[in-house]
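To keep things clear, I will list the structure first and then write my remarks on it.
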Amino acid sequence: MLLLALACAPDPGPDKNRPDSVVVESETSESRPGESRPTDSPEESSTEREDSPEESVDSAPVDTAPPSVTDCFAGIGSPLDYGQYNPVMNSKCMGTNNQDIQGIQRVVFVGDSVTVGTPPTSTDAWYRNVLAEELANRYGLQKPGWDWENVNLIDGTTYVQQSGDFMSCAKWGARTDDLILDPHKQLLTCLPEADRHLTTLVVMTSGGNDLFSMLQDVQNGVDEATIRAEWDQGMTNLSDAVHYIKDDPTMFPGGIYFVFANIFDLSDADAAEDMARCEGAALIGIDDAIRQPLVWELVGWWQVQTLALAMETGSDMTFMGEAFCGHGSNFDNTAGRCYRAADAAVWYDFTCEHPNDLGHAAIAELVMSVVEE
């Protein structure tokens with residue numbers, strides 16, 4: 001089964017060209033005490049103020065401190081204790097800001113079907129391809145060809161792994177154990193020793209298929225101890241993969257940056273009947289599992305641990321789960337925990353598992369917000 005995102009519907013949004021903002025505003029744009037005022041005209045300065053004591057042109061410095069994670073996600077979904085790790089947020093509340101990403105010579109994509117891209121979303125809308133275009137323009141990279149941009153529908157990978165200055169080892173259905181373990185070893189395959197002198201950016205989505213496997217276990221009545229152990233192992237696999245990249249700087253003499261996402265939030269679906277609003281809900285078959293408290297507990301734990309991993313390794317995490325919350329099948333439920341606006345666009349395709357054009361555009365924006373800061 002491909003990556004699970006648990007709430008979706010045909011896109012009713014009025015804007016088909018780009019996602020609505022994924023930023024959670026934490027303050028208004030009105031002037032604050034101490035901010036500079038517009039300069040007076042020369043006429044006013046020489047007449048009305050001629051006899052007045054000279055005023056200082058200096059003003060108190062504008063607060064440029066990054067927003068807190070609490071400010072960023074107030075009111076978005078169930079509160080998670082991200083603050084215990086004191087994350088440094090980027091200015092748009094889209095991700096952390098631990099790396100000063102610059103001088104990229106090579107870009108590697110790993111992970112699951114969200115990164116590979118899936119029909120019915122158009123190929124040119126897949127976030128991987130959107131990012132390839134933007135990163136190539138930003139860093140002067142050689143752009144990939146058609147065979148890299150498209151997917152082999154039989155094996156769920158790109159037709160070629162490498163094209164131009166880009167590589168992709170992502171695969172449909174991949175879980176965290178596919179990152180450095182047999183048989184796929186995505187990171188080892190796409191980071192060959194011969195290319196490690198090049199300054200490299202690694203981009204990844206992973207963990208959604210681990211979630212789907214966990215939901216299947218819950219649905220099938222697997223005992224809680226086993227479910228917890230397997231879920232913990234999934235996070236261990238993710239942690240091992242990131243530490244493999246970041247722990248030994250001598251292994252990548254050209255320098256390496258890592259940007260990964262947390263998993264899709266369980267979006268707006270609080271119960272099985274909410275899932276029924278999505279055309280593809282019957283294909284998933286885990287409606288009852290969604291309602292189990294154990295699922296919500298474990299998903300929340302995963303999100304927090306993913307952030308902890310970014311902080312301890314000096315990597316960056318995008319808040320994909322928080323961004324997508326409120327863009328699922330319950331987007332118009334004013335009592336929903338992620339309600340944004342009556343016309344909020346849906347970011348999932350009809351399968352309930354993958355982003356549509358707007359969702360992919362949002363993921364690309366999340367990653368670029370981290371790269372640019």
For residues W126 and T121, determine if any side-chain heavy atom of one lies less than 4.5 Å from a side-chain heavy atom of the other. yes
List the residues meeting side chain to side chain donor-acceptor pair (under 3.5 Å) with T123, not counting sequence neighbours, and say none if there are none. N150
Among residues at least two apart in sequence or on other chains, which ones pass salt bridge (Lys or Arg N to Asp or Glu O under 4.0 Å) with R106? D195
Mind checking the CD-CG spacing from E312 to N98? Nearest 0.5 Å is all I need. 11.5 Å
Here the gap from N237 atom CG to R175 atom CZ, rounded to the nearest 0.5 Å, amounts to 8.5 Å
Which pair of heavy atoms, one from G145 and one from S163, lies closest together, and at what distance? N-OG, 2.8 Å
What is the minimum heavy-atom distance between S168 and R128, and which atoms define it? OG-CD, 4.1 Å
Non-hydrogen side-chain atoms of I256 and M251 separated by less than 4.5 Å: no
V203 side chain reached by Y127 side chain, heavy atoms, under 4.5 Å: yes
Count I, L, V, M, F, W, Y as connected when their side-chain heavy atoms are under 4.5 Å apart, and connections chain through other members. Are V130 and V108 then in the same cluster? no
Positive for ring-ring contact (aromatic ring centres under 6.0 Å, His included) with W347, one of F264, F331, F324: F324
Checking T334 now: which residues fulfil side chain to side chain donor-acceptor pair (under 3.5 Å) with it, not counting sequence neighbours? none
For the residue pair A132 and F166, what are the closest heavy atoms and their distance? O-CZ, 3.4 Å
When every non-hydrogen atom of V242 is compared with those of S315, the smallest separation belongs to CG1-OG, 3.5 Å
Pairwise distance CD1(I101) to CD(E372) - rounded to 0.5 angstrom: 10.0 Å
Might you point out which heavy atoms bring M94 and S369 nearest each other, and give the distance in Å? CB-OG, 3.2 Å
Shared hydrophobic cluster for L181 and L309 (ILVMFWY, side-chain gaps under 4.5 Å): yes
Looking at side-chain heavy atoms only, is the closest gap between N137 and E134 below 4.5 Å? no
List for me each residue that meets ring-ring contact (aromatic ring centres under 6.0 Å, His included) alongside W302, sequence neighbours excluded, and say none if there are none. W231
Using side-chain heavy atoms (C-beta onward) and a distance below 4.5 Å, is Y244 in contact with L179? no
Donor-acceptor pair between N262 and E322 side chains, under 3.5 angstrom: yes
Can you check whether F260 reaches M317 side chain to side chain, under 4.5 Å on heavy atoms? yes
Take I180 and L188 through the side-chain contact (heavy atoms from CB on, under 4.5 Å) test and state the conclusion after the steps. CA-CA 6 Å; I180 59 175; L188 282 69; 3.7 Å; yes
Distance from D316 atom CG to L307 atom CG, nearest 0.5 Å? 10.0 Å
Using the salt bridge (Lys or Arg N to Asp or Glu O under 4.0 Å) rule, collect all pairs that involve residues 143-152, keeping only residues at least two apart or in two chains. E133-K143
Calculate, to the nearest 0.5 Å, the distance between atoms OG1 and CG belonging to T176 and L238 respectively. 6.5 Å
T115-T205 side chain donor-acceptor pair, cut-off 3.5 Å: yes
I'd like to check the ring-ring contact (aromatic ring centres under 6.0 Å, His included) partners of F109; sequence neighbours left out, ordered by chain and number. W148
If hydrophobic clusters are built from ILVMFWY residues whose side chains come within less than 4.5 Å, do L198 and L135 share one? no
Do L294 and V299 land in one hydrophobic cluster if side-chain heavy atoms of ILVMFWY residues count as linked below 4.5 Å? yes
Test log, rule side-chain contact (heavy atoms from CB on, under 4.5 Å), inputs V304 and Y85: CA-CA 9 Å; V304 173; Y85 296 106; 3.6 Å; yes
For R228, all residues meeting salt bridge (Lys or Arg N to Asp or Glu O under 4.0 Å), sequence neighbours excluded: E224, E297
With rounding to the nearest 0.5 Å, note down the distance linking CG in N209 to NZ in K171. 11.5 Å
Donor-acceptor pair, distance only, cut-off 3.5 Å: does the side chain of H327 make one with the backbone of A345? yes
Just jot down the ring-ring contact (aromatic ring centres under 6.0 Å, His included) partners of Y257, sequence neighbours excluded, or say none. none
Indicate yes or no: at least one non-hydrogen side-chain atom of W172 is less than 4.5 angstrom from one of L153. yes
Any donor and acceptor pair, going by atom type alone, linking the side chain of Q105 with main-chain N or O of T199 inside 3.5 Å? yes
Main-chain N/O of T250 paired to R196 side chain as donor or acceptor, under 3.5 Å: no
Results of side chain to side chain donor-acceptor pair (under 3.5 Å) for D247 - residues two or more places apart only: H243
Donor-acceptor pair, side chain of N220 and main chain of V222, under 3.5 angstrom: no
Taking I263 as the starting point, is it possible to reach I227 by hopping between hydrophobic residues whose side chains are less than 4.5 Å apart? yes
Please step through side-chain contact (heavy atoms from CB on, under 4.5 Å) for the pair V202 and L191, ending with a clear verdict. CA-CA 9 Å; V202 179; L191 293 169; 4.3 Å; yes
Is there side-chain contact between L131 and M368, with at least one heavy-atom pair below 4.5 Å? yes
Can you run down the salt bridge (Lys or Arg N to Asp or Glu O under 4.0 Å) pairs that involve residues 230-241, sequence neighbours left out, and say none if there aren't any? none
Go through the steps to decide whether W301 and M235 satisfy the test side-chain contact (heavy atoms from CB on, under 4.5 Å), and finish with yes or no. CA-CA 10 Å; W301 175 84; M235 177 52 63; 3.7 Å; yes
Sorted by chain and number, sequence neighbours left out, salt bridge (Lys or Arg N to Asp or Glu O under 4.0 Å) with D182 holds for K185
List for me each residue that meets side chain to side chain donor-acceptor pair (under 3.5 Å) alongside Y159, sequence neighbours excluded, and say none if there are none. none
What is the minimum heavy-atom distance between V69 and Y82, and which atoms define it? CG2-CB, 3.7 Å
